[in-house]
Student: 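This is the structure I have questions about; it appears just below.
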2 protein chains.
Amino acid sequence: MEDPVDIRLATAVSQDPRATLAQLSERIGLSVSAVQARLKKLESNGVITGYQAILDPEAIGKPLSAFIEITPLDPSQPDNAPELLEPLTAIEACHSVAGDAAYMLFVRVASPRELEALVNEVRRTASVNTRTTVVLQTFYEHRPILAP
Amino acid sequence: MEDPVDIRLATAVSQDPRATLAQLSERIGLSVSAVQARLKKLESNGVITGYQAILDPEAIGKPLSAFIEITPLDPSQPDNAPELLEPLTAIEACHSVAGDAAYMLFVRVASPRELEALVNEVRRTASVNTRTTVVLQTFYEHRPILAP
DNA sequence: GTTGAAATTCTAGTCTA
DNA sequence: TAGACTAGAATTTCAAC
């Protein structure tokens, strides 16, 4: 994706995914149908991979979040932790990382009690050690990748 | 937010924020207008804080991501790192955390070269030490908070 | 919450440069 | 090929019940 118009469109959409085609077309300076065609292409190209509603974690009863670094107990064993952990819906993100740990998870739970249960379940499920870093406050997150 | 209908609605919306009111109304079992009214309330209540388009980081030229833990150089100084760092648009998230570091950042950049520059800028801007953990592979992220 | 009708938006076919 | 135009379908919106 190098086309400057596509970049402007992706920027506009990532900042306001609910904008109507008419609003986008005004912002971009193209007709509604041109915007629609480009948007469809961005979606089918996989540039826009999806849309997400951002919910307030506290409002939905998950005020506690944490990073969990995990390290396989037995490095000689085949390691499919991400797959094994996928059913745990408290896990919002799973990355493999360079450094001390093998993977970094980001999780959201209702309480310390639930975090403990989750950590234990992660350990059992994936046969790993964990190192948990609790989030005390979130200043910002979900900031758009593309700046204006 | 305890109302079970609101929870179902928030769940449905978080899984498909582009669903039409008609689709949601069918899934929820309420009329279109009732769904619209509840949705508006969820938005104005701050339960739904926003919407986001998810872009493919590689497609938009930011294939490299990393966690940066930061620690103030001088713990006796007033610490407003999140505020100081906010203008750096490569930073997607900023949390204060318990543990060794004071803050955890998640950043996206175009290249190792750019990551180096960003880390240096973070250090300079906020007068902090940093510990960077590079992401090698992302298995999943942006998973909805509310499971069905 | 529901209904229903008007306004807006989306969609897709067609035309033009 | 990309954009513009247009008519018909779908959706959103909002009043009245």
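Source: prediction; values computed, not measured. Protein chains get the first letters and strands the later ones, always in sequence-line order, with residue 1 at the start of each.
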Student: Please output the side-chain donor-acceptor pairs of residues 50-58 of chain A that fall under 3.5 Å, not counting sequence neighbours, one pair per line with the distance.
Tutor:
unit_1, atom_1, unit_2, atom_2, d
A:Tyr51, OH, A:Glu43, OE2, 2.7
A:Gln52, NE2, B:His142, O, 2.8
A:Asp56, OD1, A:Glu58, N, 3.2

Student: State which residues pass side chain to side chain contact (heavy atoms under 4.5 Å, CB included) with B:Asp100; sequence neighbours excluded, sorted by chain then number.
Tutor: A:Arg131
Student: When you measure from every atom of DNA chain C, which of residues 3-18 of chain A have a heavy atom less than 4.0 Å away?
Tutor: none
Student: Under the ring pair (Phe, Tyr, Trp, His ring centres under 6.0 Å) rule, what pairs show up with a residue in residues 116-135 of chain B, not counting sequence neighbours?
Tutor: none
Student: Would you jot down, in residue-number order, the residues of residues 31-41 of chain B having a non-hydrogen atom under 4.0 Å from DNA chain C?
Tutor: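 The answer is B:Ser31, B:Ser33, B:Ala34, B:Arg38.
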Student: Nucleotides 15-17 of chain C: which of its N/O atoms have a protein N/O under 3.5 Å away?
Tutor:
none

Student: Rounded to whole angstrom units, what separation is found between the CG atom of B:Leu21 and the C1' atom of C:dT8?
Tutor: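 Distance check: B:Leu21 CG to C:dT8 C1' gives 13 Å.
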Student: I'd like a list of close polar pairs between nucleotides 7-9 of chain D and the protein, N/O only, cut-off under 3.5 Å.
Tutor:
none

Student: Indicate yes or no: at least one non-hydrogen side-chain atom of A:Leu146 is less than 4.5 angstrom from one of B:Thr89.
Tutor: no
Student: Taking only residues two or more places apart in sequence, or in another chain, which ones meet B:Arg38 in a salt bridge (charged side-chain N to carboxylate O under 4.0 Å, His left out)?
Tutor: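 Partners of B:Arg38 under the salt bridge (charged side-chain N to carboxylate O under 4.0 Å, His left out) test: B:Asp3, B:Asp6.
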Student: List the residues meeting side chain to side chain contact (heavy atoms under 4.5 Å, CB included) with A:Thr20, not counting sequence neighbours, and say none if there are none.
Tutor: A:Ala22, A:Gln23
Student: Using 30° and 60° as the class limits, which term best fits the ring planes of B:Phe67 and A:His95: parallel, tilted or perpendicular?
Tutor: perpendicular
Student: Who pairs with A:Phe139 by ring-ring contact (aromatic ring centres under 6.0 Å, His included), at least two apart in sequence or on another chain?
Tutor: B:Tyr103
Student: Which residues pass the side chain to side chain contact (heavy atoms under 4.5 Å, CB included) test with B:Glu114, sequence neighbours left out?
Tutor: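 Result, side chain to side chain contact (heavy atoms under 4.5 Å, CB included) vs B:Glu114: B:Val109, B:Ala110, B:Ser111.
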Student: Test B:Val122 against every option in B:Leu105, B:Asn129, B:Thr132, B:Val107 by the side-chain contact (heavy atoms from CB on, under 4.5 Å) rule and name the one that passes.
Tutor: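 Answer to the side-chain contact (heavy atoms from CB on, under 4.5 Å) test with B:Val122 among B:Leu105, B:Asn129, B:Thr132, B:Val107: B:Leu105.
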Student: Please list, chain by chain and in numerical order, all residues satisfying side chain to side chain contact (heavy atoms under 4.5 Å, CB included) with A:Asp16, sequence neighbours excluded.
Tutor: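 A:Asp16: side chain to side chain contact (heavy atoms under 4.5 Å, CB included) contacts with A:Arg18, A:Ala19, A:Arg27.
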Student: Less than 4.0 Å between a side-chain N and a carboxylate O, is that true for B:Arg108 and B:Glu92?
Tutor: yes
